[in-house]
Amino acid sequence: MSDAFTREPLWDPRRFPPAAGAPRAVQTTRMLLDPQGYARSLRRRFGPVFSLRAYPYRGALVCAADAAANRAVLTDHERFTGGDAAALLAPAVGAGSLICTPPPLHLGRRKLLLPPFHGARIACWTERVRDMVHAGLPDLLSGDGVPVRPWAQRLTLDVILRVVFGLTDPGRAAAFRHALNAFVGTGNLAVLFLPGPMRRDLGPLSPGGRFHRLRAAVRELTREEIAARRAAPDRARRHDVLSMLLDARDEYGAGLDDAQLLDELTGLVLAGYETTATTIAWTLHLLAHHPAVRDDLIADLDAGSDRLLKATVKESGRLRPAVYNAMRTAAQDTELGGHPVPRHAFVAALFPLTHLDPELWPRPDDFRPERHLGTDPAPYSLTPFGGGVRRCIGVSLAQLEIETVLREILAAAVPEPAGPLEPARLVAVTLVPARGGRVRLRERRP
Ligand code: HEM
């Protein structure tokens with residue numbers, strides 16, 4: 001158990017926002033089966049700040065579900081701090097990664113990591129990403145009613161291997177793909193949410209043993225890649241993230257050592273691969289189920305505009321954000337929305353609910369990209385990438401990937417439903433379409 005979990009205060013209804021009375025096991029199950037619906041029922045009952053008594057929290061997870069509470073959790077860094085709150089993910093991403101780094105170290109580390117992810121730097125990958133989407137298109141178009149998510153996972157993994165790791169050798173890329181897919185893409189990370197003893201390495205057949213073996217394989221490959229790049233004569237001319245991070249220095253001239261790089265690279269893969277693939281799957285799935293929206297978007301793209309494209313990506317991130325929440329811990333005894341919050345409690349900016357607040361978003365359940373045209377959302381009403389000093393650093397890369405996929409697919413085919421609109425399921429911290437986001441792609445004739 002990490003420090004964050006041992007420090008967590010036990011449940012006391014006088015010290016936490018209101019919670020349902022159902023046992024933890026029942027609340028956990030309801031949350032897993034219907035993450036948006038169950039949280040929404042709690043919000044209706046208790047208002048925008050409430051407690052969720054669910055595993056793995058011994059006390060409760062304090063949930064913030066309107067723009068004011070969302071802003072407080074994401075931006076009031078004196079009261080709500082990040083890093084420790086990601087303790088659950090530390091065995092996967094590495095305790096030294098940015099995601100798990102608390103203040104005051106976090107800000108300096110973030111400054112080192114940000115430059116390679118800047119929009120202008122990422123833009124130089126546009127052609128390469130387009131080529132990768134093109135190469136994958138036949139697989140998607142050939143199926144009749146295919147789940148988009150596994151296809152998009154393969155693509156986003158390849159993009160990360162190329163853009164972040166700078167891998168060009170097909171043999172090494174294949175080895176990485178295989179190891180990462182086994183580690184992340186097969187439900188292996190669910191181990192992190194098992195009770196403590198079940199996470200331990202109890203031999204090769206135990207879930208904990210499997211987790212550690214797969215993790216070791218990924219880290220060994222990453223270590224080799226760092227060593228190879230350190231020795232590469234052409235490093236200064238390369239644009240991949242790893243090459244730039246090897247030369248990054250803070251104001252005291254210090255850079256990242258190999259152990260830090262290893263954790264950062266693992267963290268970047270885990271943060272950037274499933275999230276982007278899930279957003280791609282939701283967007284195509286939603287378009288297939290909203291033919292009028294889809295046809296308007298295709299017409300707009302055909303006319304050379306990207307106005308509706310950007311609005312569609314925003315709307316998909318509103319209605320079905322890939323990440324379920326942004327986590328913090330309370331740095332002091334405090335309050336949120338008029339309710340007490342004890343020091344060290346886990347606090348979640350539960351933006352999938354804020355995104356459905358009818359006061360912020362009229363007819364919140366409708367998929368209507370045009371609501372974003374010519375207007376900016378009210379502050380902290382739309383935060384699929386989190387916010388404040390911990391906002392996602394991969395936004396530009398994710399947007400480049402999502403927009404390129406949509407442009408290329410919609411130029412070649414029209415997504416149509418291949419079954420009912422899928423509900424969301426919670427897998428680790430990602431809200432995924434229950435059956436992978438199935439669509440049927442009808443090829444467009446010239
Ligand atoms: C559609 C795709 C993505 C979504 C929805 C997403 C969402 C998020 C969210 C909600 C957070 C937490 C922010 C907070 O705590 O306030 C986050 C953090 C982060 N994301 Fe992303 N992300 C995506 C893609 C990526 C990509 C492509 C990368 C990099 C390759 C990336 C790297 C990170 C990192 C390193 C953090 C931690 C930032 C920090 O703690 O300072 N993400 N992301």
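Side chains included, hydrogens not; waters and symmetry mates left out as well; all remaining heavy atoms used. Whatever order the structure lists them in is the order used to number ligands and atoms, beginning at 1.
- Note on ring orientation: taking the six-membered ring where Trp is involved, the planes of Y57 and F5 are parallel (angle under 30°, cut-offs 30° and 60°).
- Remark: minimum distance from atom 40 (O) of ligand 1 to any protein heavy atom is reached at R390 NE, 3.2 Å.
- Of all protein heavy atoms, the one lying nearest to atom 11 (C) of ligand 1 is F385 O, 4.0 Å.
- Among protein heavy atoms, the minimum distance from atom 22 (N) of ligand 1 is reached at C392 SG, 3.1 Å.
- Taking any N or O of R110, backbone or side chain, at least one lies under 3.5 Å from an N or O belonging to ligand 1.
- You'll find the side chain of R79 stays beyond 4.5 Å of the side chain of V341, heavy atoms only.
- Using a 4.0 Å cut-off between a side-chain N of Lys or Arg and a carboxylate O of Asp or Glu, R368 and E315 do not qualify as a salt bridge.
- Atom numbering of ligand 1 starts at 1 in the shown order; those under 4.0 Å from a heavy atom of T276 are 1 (C), 2 (C), 24 (C), 27 (C).
- Those atoms of ligand 1 with a heavy atom of F351 less than 4.0 angstrom away are 10 (C).
- Annotation: cation-pi pair R318/W361 present, NZ/CZ under 6.0 Å from the ring centroid and within 45° of its normal.
- Contacts with ligand 1 closer than 4.0 Å are made by no heavy atom of W282, backbone or side chain.
- The closest protein non-hydrogen atom to atom 32 (C) of ligand 1 is A271 CB, 3.6 Å.
- The shortest heavy-atom distance from R328 to ligand 1 is under 4.0 Å.
- Atoms of ligand 1 lying under 4.0 Å from at least one heavy atom of G387, given by number and element, are 16 (O).
- The option from G272, G82, G386, A85 that lies nearest to atom 27 (C) of ligand 1, judged by heavy atoms, is G272.
- Those atoms of ligand 1 that come under 4.0 Å of a heavy atom in L98, given as number and element, are 38 (C), 39 (C), 40 (O), 41 (O).
- Salt-bridge formation is detected for the pair R15/D333: a Lys NZ or Arg NE/NH1/NH2 atom is positioned less than 4.0 Å from an Asp or Glu carboxylate oxygen.
- Of the protein's heavy atoms, L268 O, 3.7 Å lies nearest to atom 30 (C) of ligand 1.
- Under 3.5 Å, the side chains of D240 and S243 contain a donor-acceptor pair of N or O atoms.
- Under a 4.0 Å heavy-atom criterion, Y273 is not in contact with ligand 1.
- Ranked by closest heavy atom to atom 5 (C) of ligand 1, the top entry among P384, G83, C100 is P384.
- The backbone N or O of V184 sits nowhere less than 3.5 Å from a side-chain atom of Y273 that would complete a donor-acceptor pair.
- R172 has no carboxylate O lying under 4.0 Å from a charged side-chain N of D169, or vice versa, which leaves the two without a salt bridge.
- With distances taken over non-hydrogen atoms, the option nearest atom 36 (C) of ligand 1 out of I99, I122, I160 is I99.
- Ligand 1 places these atoms under 4.0 Å from at least one heavy atom of V323: 7 (C), 10 (C).
- Remark: ligand 1 and V164 share no N or O pair separated by less than 3.5 Å (distance only, no angle test).
- If you check each of V429, L113, T275 against atom 23 (C) of ligand 1, the one with the closest non-hydrogen atom is T275.
- Protein heavy atom closest to atom 34 (C) of ligand 1, with residue, atom name and distance, is I393 CG1, 3.9 Å.
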- prompt: Passes side chain to side chain donor-acceptor pair (under 3.5 Å), D84 versus T329? Steps please.
  reply: CA-CA 7 Å; D84 285 344; T329 47; 4.9 Å; no
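- Closest to atom 1 (C) of ligand 1 among all protein heavy atoms lies T279 OG1, 3.3 Å.
- By the 4.0 Å heavy-atom criterion, G388 is excluded from the residues contacting ligand 1.
- Atoms of ligand 1 found under 4.0 Å from any heavy atom of A326 (numbered from 1 in listed order, with element): 14 (C), 15 (O), 16 (O).
- No side-chain donor-acceptor contact under 3.5 Å links T276 and T156.
- Within the 4.5 Å cutoff, the side chain of R110 has heavy atoms near those of the I393 side chain.
- With hydrogens and angles disregarded, no donor-acceptor distance shorter than 3.5 Å links the side chain of W125 to the backbone of R130.
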field: CA sep, side-chain torsions, deciding dist, call: F183, F211, ring-ring contact (aromatic ring centres under 6.0 Å, His included)
entry: CA-CA 7 Å; F183 183 49; F211 174 87; 5.5 Å; yes
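- Ionic pairing of K111 and D250 is not present here: no N-O contact between side-chain nitrogen and carboxylate oxygen is shorter than 4.0 angstrom.
- Contact analysis puts H106 in contact with ligand 1, with a non-hydrogen atom separation below 4.0 angstrom.
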